[in-house]
Amino acid sequence: MKERKEKLLINRVSVFLEEIRFISKDDSSLPQELQVSQQLELVDCSEKCVVIRMKRTISSNQTDDYSLFVSSVGKFYLEENNYELFKNLDAMREYATNKMGFIVDKVQMGAVLTQLIANITGIFGRSPIILPPIINEDVMKE
């Protein structure tokens with residue numbers, strides 16, 4: 001009997017910007033200390049498509065005067081026979097949850113948000129905040 005190799009066979013990707021929220025009460029300069037966070041969320045997992053949301057937040061540690069929130073959603077369309085590689089939909093969902101970081105890094109969702117954040121924070125002659133395109137969530141939690 002041939003052993004099944006669980007993996008997602010993605011044949012098409014659609015990524016779109018979901019939301020931007022920017023608050024900057026002091027136009028002269030950025031706060032000295034900023035907190036950066038990233039969150040990935042499995043929105044949906046079906047036989048045909050896996051949907052992942054990526055959120056990035058930058059905020060001031062000292063005050064509520066500065067914050068930037070951006071989120072995007074990636075829809076990863078799967079090949080027709082992909083579901084056969086998994087025991088059931090729960091196994092597929094668990095695999096997708098464990099591999100979210102790898103999946104979004106392959107299509108460079110983080111690079112798009114990095115560029116957007118640099119564009120927004122660099123307005124009016126400010127120095128832009130440039131984040132790495134790939135942020136390891138384990139490092140962010142420490």
Side-chain angles (χ1 to χ4, degrees), residues 3-142:
E3 182 180 331
R4 286 190 257 198
K5 174 105 170 125
E6 293 182 342
K7 64 181 180 177
L8 295 175
L9 303 173
I10 299 168
N11 65 16
R12 187 167 51 98
V13 178
S14 174
V15 178
F16 62 92
L17 182 65
E18 183 179 48
E19 183 178 357
I20 300 173
R21 281 180 277 154
F22 184 48
I23 298 170
S24 179
K25 295 182 181 172
D26 180 11
D27 290 338
S28 61
S29 65
L30 290 174
Q32 294 298 315
E33 293 184 33
L34 293 172
Q35 176 72 33
V36 177
S37 64
Q38 174 176 290
Q39 182 182 28
L40 297 176
E41 172 189 355
L42 186 65
V43 177
D44 189 25
C45 181
S46 68
E47 295 177 17
K48 297 181 180 188
C49 185
V50 173
V51 181
I52 299 172
R53 175 177 289 122
M54 176 184 271
K55 301 176 187 177
R56 284 194 177 173
T57 304
I58 301 173
S59 57
S60 170
N61 284 346
Q62 298 98 3
T63 67
D64 292 335
D65 291 348
Y66 189 89
S67 69
L68 173 61
F69 171 82
V70 293
S71 69
S72 64
V73 173
K75 291 185 178 183
F76 301 86
Y77 298 95
L78 307 176
E79 291 186 11
E80 288 184 27
N81 62 347
N82 193 105
Y83 182 69
E84 297 168 7
L85 300 174
F86 295 87
K87 295 175 191 170
N88 54 39
L89 192 56
D90 288 335
M92 190 171 155
R93 187 174 291 114
E94 181 180 347
Y95 180 87
T97 299
N98 292 334
K99 297 288 187 177
M100 281 190 297
F102 177 77
I103 294 168
V104 298
D105 291 346
K106 280 300 197 185
V107 298
Q108 300 181 347
M109 280 177 65
V112 173
L113 291 186
T114 292
Q115 181 63 49
L116 183 61
I117 289 168
N119 290 346
I120 293 169
T121 59
I123 60 175
F124 305 118
R126 292 182 183 166
S127 295
I129 297 173
I130 301 177
L131 301 174
I134 298 172
I135 297 176
N136 185 333
E137 288 81 25
D138 296 332
V139 172
M140 299 299 294
K141 292 175 186 175
E142 294 176 356

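Given the structure is predicted, the values throughout are model-derived calculations rather than measurements.
- The list of side-chain hydrogen bond (donor to acceptor under 3.5 Å, both in side chains) pairs with a residue in residues 95-106, not counting sequence neighbours, is empty.
- Taking CG of Leu34 as the reference point, atom OG of Ser60 lies at 6.5 Å (rounded to 0.5 Å).
- Remark: Arg21 CZ to Ser71 OG distance equals 7.5 Å, nearest 0.5 Å.
- Here CZ of Phe102 is found 10.0 Å from CG of Leu8. Values are rounded to the nearest 0.5 Å.
- When every heavy atom of Pro128 is checked against every heavy atom of Ala118, the shortest pair comes out as CB-O, 3.3 Å.
- Between the side chain of Thr121 and the main chain of Ile129, a donor-acceptor pair closer than 3.5 Å is present.
- Here the straight-line distance linking atom CE of Met100 with atom CZ of Arg53 works out to 11.5 Å at 0.5 Å rounding.
- Residues Leu9 and Leu78 form no side-chain contact, since every pair of their non-hydrogen atoms from C-beta on lies 4.5 Å or further apart.
- Gln108 CD: 12 or fewer foreign heavy atoms inside a 6.0 Å radius.
- Taking Asn11 as the reference, nothing meets the side-chain hydrogen bond (donor to acceptor under 3.5 Å, both in side chains) condition, with sequence neighbours excluded.
- The CE atom of Met92 sits 11.5 Å away from the CD atom of Glu84 when rounded to the nearest 0.5 Å.
- A heavy-atom distance below 4.5 Å is found between the side chains of Phe76 and Ile103.
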### Query
Hey, mind stepping through Lys7 and Leu85 against side chain to side chain contact (heavy atoms under 4.5 Å, CB included) and telling me if it holds?
CA-CA 7 Å; Lys7 64 181 180 177; Leu85 300 174; 4.2 Å; yes
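- Annotation: Phe16, atom CZ; neighbour count of heavy atoms from other residues, nucleotides and ligands within 6.0 Å is above 12.
- Under the 4.5 Å side-chain criterion, counting only non-hydrogen atoms from C-beta, Val112 is not in contact with Val15.
- Of the candidates Leu89, Asn88, Asn82, Phe86 forms a side-chain contact (heavy atoms from CB on, under 4.5 Å) with just one, namely Asn82.
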### Message
Please evaluate residues Val51 and Lys75 with respect to the criterion side chain to side chain contact (heavy atoms under 4.5 Å, CB included), reporting the C-alpha separation (whole Å), side-chain torsions for both, the decisive distance (0.1 Å), and the verdict.
### Response
CA-CA 5 Å; Val51 181; Lys75 291 185 178 183; 4.0 Å; yes
### Message
Run the side chain to side chain contact (heavy atoms under 4.5 Å, CB included) test on Ser72 and Glu18 for me, step by step, so that the C-alpha distance in whole Å, both residues' side-chain angles and the decisive distance to 0.1 Å come before the verdict.
### Response
CA-CA 5 Å; Ser72 64; Glu18 183 179 48; 5.6 Å; no
### Query
After noting the C-alpha distance and the side-chain angles of Thr114 and Arg56, does the key distance pass the side-chain hydrogen bond (donor to acceptor under 3.5 Å, both in side chains) rule?
CA-CA 9 Å; Thr114 292; Arg56 284 194 177 173; 2.8 Å; yes
### Task
Check step by step if side chain to side chain contact (heavy atoms under 4.5 Å, CB included) holds for Ile58 and Phe69.
CA-CA 7 Å; Ile58 301 173; Phe69 171 82; over 6 Å; no
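- A 6.0 Å sphere centred on NZ of Lys55 holds more than 12 heavy atoms belonging to other residues, nucleotides or ligands.
- Annotation: side chain of Ser59 is not in contact with side chain of Tyr66 (no heavy-atom distance under 4.5 Å).
- If you take CG on Asp44 and CD1 on Ile52, they are separated by 11.0 Å, rounding to the nearest 0.5 Å.
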